[in-house]
Amino acid sequence: MSMEFLRVIAEQKLPYVLHTPADIDRLRVLRAAELVTAFIPPSDRAPDARAIRQLAQVESITAKGKLALNKATSAFIEL
């Protein structure tokens, strides 16, 4: 799932802005794995416990991310 999302990001013009909470969560996983550099604001909650709409921005795909994409692509081609 994360590699698929990384592939989607790789097809975008960077910096790439994400809006949906699900995409931002997936971006957190990629950033934690050091596959991308990204700005993700801390998640704040409104006093009534509703999530405040956030935007996150992918700055770049790291060398580690590019290597992972290449490995995933070559593994797919070899099948």
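These numbers come from a predicted model, not from an experiment.
- Gln57 is linked by a side chain to side chain donor-acceptor pair (under 3.5 Å) to Glu59, counting only residues two or more places apart in sequence or in another chain.
- Scanning both residues, Gly65 and Leu6, for their nearest heavy atoms gives O-CD2, 3.7 Å.
- Here the CD1 atom belonging to Ile61 is positioned 11.5 Å from the OH atom belonging to Tyr16, to the nearest 0.5 angstrom.
- A 4.5 Å side-chain heavy-atom check between Leu30 and Ile9 finds at least one atom pair inside the cut-off.
- Atom CD1 of Ile40 and atom CG of Leu55 lie 12.0 Å apart (nearest 0.5 Å).
- Both Val36 and Leu14 are members of a single hydrophobic cluster when ILVMFWY side chains are connected at heavy-atom separations under 4.5 Å.
- Taking each heavy atom of Ala72 and Met3 in turn, the nearest pair found is CB-CE, 3.9 Å.
- Applying the side chain to side chain donor-acceptor pair (under 3.5 Å) test to Thr37 and every residue at least two apart in sequence or in another chain returns Ser60.
- Considering only residues two or more places apart in sequence or on other chains, Lys64 meets the side-chain contact (heavy atoms from CB on, under 4.5 Å) condition with Glu34, Leu35, Thr62.
- Note on residues 9-20: no pairs pass salt bridge (Lys or Arg N to Asp or Glu O under 4.0 Å), not counting sequence neighbours.
- Scanning all heavy atoms of the two residues, the minimum distance from Ala56 to Pro41 falls at CA-CD, 4.4 Å.
- Every side-chain contact (heavy atoms from CB on, under 4.5 Å) that Leu67 has, sequence neighbours left out, goes to Lys71.
- Evaluation of the side-chain contact (heavy atoms from CB on, under 4.5 Å) rule for Asp23 yields Phe5, Leu18, Thr20, Arg26 as partners, not counting sequence neighbours.
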